[in-house]
Every structure is written in structure tokens, then in C-alpha cells.
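Right, one structure below, let's go through it.
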Amino acid sequence: MHASRPPRARGFRLPAVRLGVTGMEYRFHEIEKKWKKRWEETGAHKVREDSGKPKYYCLDMFPYPSGQGLHVGHWRGYTISDVWSRYKKLQGYEVLHPMGWDAFGLPAENYAIQTGVHPAVSTAQNIANFKRQLQEIAAMYDWDREINTSDPEYYRWTQYLFVKMFEKGLAYRKRMPINWCPSCKTGLSNEEVVDGKCDRCGSDVTKKEMEQWMLRITAYADRLLADLDRLDWPDKVKRMQANWIGRSEGARIVFDVDGHPDARIEVFTTRPDTLYGATYMVLAPEHPLVATITAPEQRQAVEAYVQETLKKSAIARQIVDKTKTGVFTGAYALHPLTGRKIPVWIADYVLMDYGTGAIMAVPAHDERDYDFALAFGLPVIRVIEPVPAEGTNEGSPAGGGAALAGGLELGAAAAEGAGTADALPYTGPGRLVNSGPFDGMDNEAAKQAIVAELAKQGRGEAAVSYRMRDWVFARQRYWGEPIPIVYCDQCGTVAVPEDQLPVRLPDVERYEPTGTGESPLAAIESFVRTTCPKCGGPARRETDTMPQWAGSSWYFLRYPDPHNNREPFSREAVNKWLPVDMYVGGVEHAVLHLLYARFFTKVIHDLGMIDFDEPFQHLFNQGMITLNGAKMSKSKGNVVNPDDIIRDYGVDVLRMYELFVGPPEEDAEWNANGLEGVSRFVNRLYRLFMAHAEHPAPPRDSLRRLRNRFLATLNERMETFRLNTAVSAFMEYVNALSAEADKGLDRETLETLAVTIAPFAPYLGEELWERLGHDYSVFESHWPEVDERWLRDEEVEIAVQVNGRVRARLKIPADASEEQALAAAAAHPEVAGWLDGKTVVKRIYVPGRLVNFVVNG
RNA sequence: GCCGGGAUGGCGGAAUUGGCAGACGCUCUGGACUUAAAAUCCAGUGGGCGCAAGCCCGUGCGGGUUCGAGUCCCGCUCUCGGCACCA
């Protein structure tokens, strides 16, 4: 808990307290109230489609409106994006900076199960509270464009997009094992399984075979990977997505099964070069061939093992200690090139949903296969021998280029390395042995050669596999978009036609699952029973709903045209505003949301509905705010409520502190003293400004110089997104102006201050701007230009070093020649002492920076 | 295990392409104003030695390159993320 502070009197002091004749107290509550009202009246935050200005789309990741409300950690991202939006507006852009609600989701449904309050009701309440809190931020959201994913007028179009995918074959049904909670009697998504237990009740999660709606995201794997290159995103996020997609190149190889002429085992491998080292095969326990090929005497053991595996959840199967288990099927595969008999096993270290669900095991060159072979006494055949690469000489301190010297050391290095490189399993590069016609071949070349030979015989081909799986798109939950599909005995699986959308979520009495693994919708007869859109005969509705990720996968396309009731968006509006220029949000969505949104965008592009195929040009991940080193959360009891801070310090101070707290992309610890410091600064700025606003002084060079330097510094810090140092720049500038203030401040200094502070502290910016006599909003003005002339000095101070140590500082003309600078430096009395009696062997001059004399003796 | 980020005063953090380490803020100390306090303003605040001028040390640790390294290279330590039987 943060130190609770006594309520401050500052904000509540009512009479205008005059502080001498020069200034007034900064009464933020009055100022906030005044400008809030004015913005409302003038429609200050409405986007003007016809302004003719260049567009800028600055988007926040829209929140799930939880019952917890916002804390100061949430404020950080919203502040960053709003400062950026306002900055862009002052630079002359028409800025779209919208906000909405990712309003479907499990918490509302769980709340309904506990209390019976309809999710629509609790969600509406939460949205009202969130909206109130978000309006406190003073962000320039255009609330006319508010989006709610649980609104039928919105999810109608989510369903529409699903239908389009269904028509394209991108949405399909598949029977597969999913996570299953035997106590809650419901299927669970991976997110709902924590450490192998049900997030709701804590029971051990098992697996259950169920029909699932899937989206064929793997069809886009290549493009999702390749197009990352075009994005201006943090490397970390790109890397996470690339890892998630997990492309690997290799080969698909077909093995015949001895005594089963119809059975063929297909494997995927990245190491076709090790084909001659395959000493056994492994099928995933769920593999369809298991039932076919298992020998009668092994059947009992195999079935027992399969049952045991199915009991484990995917999670439990992964967090085990990796001890290898498995059972021999009694069947033998035939090596595609030698015809050698290879025993076929099943083991849970082979996963059904990666590759082909079967592998050729090469224990000599794969750690997992080696462990398994060791555990079950299977043979190990070495087929790759390490070869000391020529020309490399890692031990040489001189680095590359010393090929001859390296060659001489080669013998010793090879002998030394041989002992370790001989050990199995060996996964490095080398030369083939025990591989028939391929012996002696480099293993990389052998990959090609062996695949070519297999292809010639029709027993294999080059192949690419992805770690990423297709997207399980069905949930057995109430509070989500109904999947718009109807099952007809005559016509089969039929999509609900466009003109019958939305399929509305009906009211239900009970939100608990039905017990059959179906969603609560299955219990509503009036919902389930329908007529087939094709033949008009009796039909049943799909009762599963979409996952929470559905609505957020395209919401950014809706903001440009949020009230369109004929289509999800007009092509023209979306092509005008998209791609999003700046997307601000937490890194926790690095993979799921951002990958799904990219996938949807590409699909929508391929449907011909939009011209671009990447939604977010620039992504920025803000760091979290921590308190006592931990992420803020109500359950941990370490939240700071923004309402309290606003009451005591005002909105502008909180905004500036959210930036000043640290580099925006890094986590930062909340510190009440730091907030106090920012508050002091804002008050100092206000007093300084007010002391001179009535009667500005005539301009003078020292102020011009300060102003232009400040602007140049600020611009640089804005453009590099170092917003914490941008706040520092204001502090430095105000400190410098304070030192000059006894001679007065000119009007341009004051105007610059008012305009540049406005994105950070919009209320204060407006107030100061008005105080200078303007009768229009500061945000209708322009970000000031830098006059380069004032950035140059006639005189610069340089450091004079002797042997790299600073011995004196010296002012010289900025345009001094090297000779002049060196002469002046050598003549400096402090320096002369250090040069006395020494020989100067080298002189370095870095213009505007320093002189260095290298001496010896 | 694999991939990646980070380590700078009492604290949060600044430092263009290698060029005056510690901007800015906090904390603390002293002073001004006040009957007093709060607020505000002024000065100081990395460590050591010194009356002082000043000198020496100092950016996680050990090496290296360079006239010069927080920054570049090699080898470590600790720490924080992500992935984790993906064939």
C-alpha cells in the first residue's frame, strides 16, 4: 500500500489567494472544470473528416471493462498515447484517437453464475465506470466513435466476418482433444488452465475429444512471418511472434509398415540427412494408425498407455520432468531407402498436433530420441561425424584473417576437441557415415541429396512445418458472439445469411454449463431450434460462442466508420485512416491479440475489402507501473487510485508524472515523492508564467537562444519517444527562465511554453494560452518552429585533456580553427603546468568538444 | 535448456557517431522569509585525501582495442522477460 497522505488543502482553498502582486495560486480544479466544459461545448475532440489535413491514427488497446476500475498503471499507456495524439494534432494532423470496450469475456459470465446478474447489466455498469475514469484523463477521445464488442450492432459484423471465413474454407470443424474440466463440465481454453488446474474451481484438467470450430491461421503462417519485416515494432515483439509461428524447414518422409500394405507412416523431420540413423519410429498416442498397426500381443499395453496419456492435460504433459515413457506397438516400419525393419513405438513425447504426429527417431543425433533409446535399450547408430572446419581458429586472440597461423594450430585443436565432439548425441554439423551411398557427404548437402532421392522414389519431399497451430475458435460459454452456423439434416452445415445477422445472444436463466460440454445456449430450446436458411426445413443452431479475441481482431477497422449499418466499414473510410500509425498497449498482447489482428487483416484484405494487409504500422509497448516491486492489482492490494491523485494534485500533474516516472517502455516504480516533485514543477511554471503574462518584456537574445535550444531539445526527445526526458526538458527550461525572470520574459517565450506544454498538460496549456489573450483553443495553434540560427554559439566551452584527463575548461570562438584551438589550449595556465617538461606526441581536437594532449616523459 | 533485455550516486533516472559521467527529479544538510510552522526562495549533496588550491578513485566483475570506453570486442556474475519434448 502506498503511504497514505493527509488530504491537501491546496485544491480546496476557495478564495483567490493573491501571492503578492505577481502571481496567483494554480487552482487546477477550477481550470479543469472550465476547460472540460469548453471542450464539450465546442466539440473539441470531434474528428473532422473534411479538414483536409493529413490523417494520423493513434490507437490505444481498448480495455476489458472489469469491475475493478482503473489504477494509475492503466493511466500510463493512455497518457502516452494522448500526449502523442495531441502533439500530432499541433503538428497539423487530423488525429483519430478513439476508445471502446472489449466487452465480452469470462469475468462477467462468472459474476453472472455467482450472482445471477446478467452479463449485459454488469458490463454496462463497468463500462459506465470505466468511461467516467477515462474521461478524467483529459484524453482527446472522440466518444461519438465509441465501440462495444458486445453490442449486437457490432458483433453482427464479427459474425459476418466469420461467415466470410467459413465461405473461404478458413473456418472449419475438427474433432480434437481439448482441455476439459470434469468438475465444471466444460471445455476450457488454454488461458483458463493454470498450472494444469481449472482456473475456476481448481480441479485437475483433463482432455476430451470434441468437435471444435477452428480458424485456419496456419494458411497465413508464411505471410505472418515474412511481413513482420515491414513493421515498425519493438524487436522483442517481432521475435516473440516469429518464435510463436516457429517455421522449420525439413522433409516429409513416408515409411511403409511391414505386413500392413495399406498403412503408411508419414513423418516430418528437419534432419533428413540422418535418415540412415533412424533406429525406431514413434507415433503420438493419439495417432490414428495406432489402432491399425498394433500387434495383438501388444494391444493391451498400448491401449493402457493411450488411456493414461489422454488423462493428462496438455499442460501436465509438458511440465513433467521429461522422463521418457512409451510402449512398443509390435509393428515394424520399413526404411524407405534400405528396407531395414524399424520398430514402431508410441510415446507421449511426440505430439499429435505438430508435424504429422509421427517421427523417425535418430538417437545418435537427437537428445530426446537418445534419452528414449537409452531408457528402452534401442540401438543407436551414428551417421554424422564432426569434421573440424578448416580456416577457423577460435583459440587465436588475433581473430579472423590469420588463416595460416590457424592452420598450424589445427592439429592440436582437433585432437583436443575430438573427445567431446565424439560424444552422443551429437547435434552439430559434420560428414555422413554409415549412410550407404551418401557416406562422406557434408550433412547440409546430404539433406538436399537424400530428399531428392526420396522424391525420385515417391517416398518423400521437402516440407515446411510450423509450430503455430490452427486457432481453436469455439468456447462453450454464454457471454460471447454466437457462432452464426446452422446444422440441417438435409443441407449439412450452413452459414447464417448476411441479412439474418446478427444471431442475437438470447437471455438465459442460468449461466452454468449444461453438463454435456455444451454452452448454456444449448439449453435454450427457442434458440437452438430454427429453420435451415437453405431448404427451410428444421435445423439446429450452433451453440458455441467465439473466444474473447474475436471482437478485438478487427475493432480498429470499425472506428473510422463506427455507425455503418450496411457493412462492417466502408472501404473508403478504412483505406483513408488505416493502417494505424501508432498503436499503444501492453506487451502482454505481443502474441495472441496482435497475431490474431494481423491474421484478420490479411484475410479481410484477401476478401478484397481493404487495400492494406498489415493493421499496425508502429507499435509501442509501455512498461507497467509497479508498487513495492509488483504489478498493481486489487487482489494484491497495491493499487494507487487515480481518483485520489487527481483530487490532490490535478489531472495535468498526474499526466506529467506518468511520463516523468521513467522511460516509457520500461517498468517503473510508483513514487509519491516523484509525484510531489512534478507538482512543484507545474506550480513553479504556472507562477512564473502568470508573473509575466500581463506585461511581457521585449524580446532579447538570451531568451531567443534559450527558447530555440529548448525547442530543439524537446523536438528530439519527442521524436525519439523519450517522453520522460521531454518532461525534464521543460524543467530545465523553466529553471533557466527563472534565472532570467528578473529582466522579464517576452511574449514568444510565453507562447512557446503554453503551446508545448499543452500535449502534456492540456488544461494548463489551454489556460496559459487564453491568458495571453487568445480566444481559440491552444490545440488550434501550431507547434513552434526552431530557428536554427539561435542554436549556434559564438563561443563554446571545450575541455582540455592531458593524457585523457580533464585539466581545464576553456572558452574559444565556435568557429576557431584546429590550430587556434590547440594554441589556446596549450596556452592555458592550468594546462601549461601539465605539459611542462613533457613531450607532446599527439594532439587531438574534437570541434566544440575537447582538446587532448598526449604526452610522455 | 534455447532466445532476448538489463546492471550508472542514498533513490528514480540522464549522457548524438566512442569525446567534460551523474542532466532532471527525489532525499538529506545549511541558509533566507516567518512570532512559529507550512509553502516558497538560495546554496550544497558519488567516494576518498586535503585548511585550501587541488589530487586520486569511480558506470556489475575480469581482460582487450583506443589519444580517449557507461558506450566497441572477448570471457564471466547476477537479474528480469519470452519459449520450452515442436522432431
Side-chain angles (χ1 to χ4, degrees), chain A residues 9-10 19-20 25 234-237 239-244 246-248 250 267-271 274 282 284 317-324 347-351 353-362 365-369 371-372 397 399 465-469 587-588 590-591 657 660-663 665-678 680-681 683-684 687 713 716-717 720 722 724-735 738 797-809 830 840-855:
Chain A
R10 188 189 288 163
L19 295 179
E25 178 132 0
D235 285 340
K236 175 182 171 168
V237 176
R239 220 179 295 112
M240 283 168 71
Q241 290 213 353
N243 289 342
W244 185 269
R247 180 190 156 94
S248 20
V267 305
F268 173 78
T269 179
T270 55
R271 296 296 305 274
T274 64
V282 184
R317 189 160 151 184
Q318 277 164 24
I319 55 176
V320 281
D321 50 22
K322 309 208 171 163
T323 307
K324 295 290 181 287
D348 68 0
Y349 83 94
V350 172
L351 309 173
D353 56 358
Y354 181 76
T356 60
I359 62 161
M360 63 176 206
V362 184
H365 305 291
D366 182 282
E367 286 180 30
R368 298 151 302 180
D369 298 345
D371 291 346
F372 191 85
S465 191
Y466 296 93
R467 206 192 74 99
M468 182 170 69
R469 316 294 206 272
V587 74
E588 65 273 16
V591 176
Y657 178 65
F660 188 67
V661 69
E665 68 281 4
E666 284 174 31
D667 292 350
E669 174 76 7
W670 180 264
N671 180 341
N673 285 329
L675 178 72
E676 191 77 42
V678 170
R680 281 206 278 264
F681 158 71
N683 278 277
R684 208 155 56 232
R687 284 194 303 270
T713 304
E716 196 207 325
R717 293 177 181 183
T720 52
R722 290 174 301 167
N724 55 325
T725 62
V727 176
S728 302
F730 281 102
M731 292 171 169
E732 288 174 76
Y733 187 43
V734 167
N735 288 346
S738 299
E797 191 185 71
I798 61 168
V800 183
Q801 299 181 334
V802 178
N803 284 347
R805 315 188 72 109
V806 179
R807 296 304 181 186
R809 290 170 220 282
E830 289 285 339
V840 178
V841 297
K842 195 164 182 177
R843 298 170 175 81
I844 288 113
Y845 174 54
V846 182
R849 293 275 182 187
L850 57 73
V851 165
N852 188 13
F853 294 109
V854 184
V855 302

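The model shown is predicted, which means the values in this text are computed figures rather than measured ones. Per chain, numbering begins at 1; letters A, B, ... match sequence-line order.
Out of B:G25, B:C26, B:G19, the shortest distance to the side chain of A:Met731 is found at B:G25. Of the candidates B:C24, B:C41, B:C85, the closest approach to any side-chain atom of A:Asn735 belongs to B:C24. Comparing atom distances between the A:Asp348 side chain and each of B:A87, B:C85, B:A23 picks out B:C85 as nearest. In this structure, the nucleotide among B:C67, B:G25, B:A87 sitting nearest to the side chain of A:Arg684 is B:G25. Considering only the side chain of A:Val846, B:G19 comes nearest among B:G19, B:A87, B:C85. Of the candidates B:G19, B:G13, B:A87, the closest approach to any side-chain atom of A:Thr269 belongs to B:A87. Among the nucleotides B:C26, B:C83, B:C57, the one closest to the side chain of A:Asn673 is B:C26. Residue A:Arg807 has its side chain nearest to B:C56 when only B:C56, B:A87, B:C67 are considered. Closest approach to the A:Ser248 side chain among B:A87, B:A15, B:C56 is made by B:A87 (side chain taken as heavy atoms from C-beta onward). When each of B:G81, B:C67, B:A14 is scored by its nearest atom to the side-chain atoms of A:Lys236, the top-ranked nucleotide is B:G81.
Residues that satisfy the side-chain contact (heavy atoms from CB on, under 4.5 Å) test with A:Met240, not counting sequence neighbours, are A:Lys236, A:Ala590, A:Val591.
Computed from coordinates, the A:Arg467 CZ to B:C83 C1' distance equals 7 Å when rounded to whole Å. Taking atom CG on A:Asp667 and atom C1' on B:A7, their separation rounds to 15 Å, with Å as the unit. A:Arg469 has its CZ atom 10 Å from the P atom of B:A87, to the nearest Å.
RNA chain B forms stems at B:1-7 with B:77-83, B:10-12 with B:24-26, B:28-32 with B:40-44, B:46-49 with B:54-57, B:60-64 with B:72-76, each a run of 3 or more consecutive Watson-Crick or G-U wobble pairs whose two key distances fall under 3.5 Å.
Counting atom types as modelled, A:Asn852 pairs a side-chain N or O with a base atom of B:C67 as donor and acceptor under 3.5 Å.
Look at A:Arg805 and you'll find a side-chain N or O under 4.0 angstrom from OP1 or OP2 of B:C57.
Base orientation for B:G13: anti, the chi torsion being more than 90° from 0.
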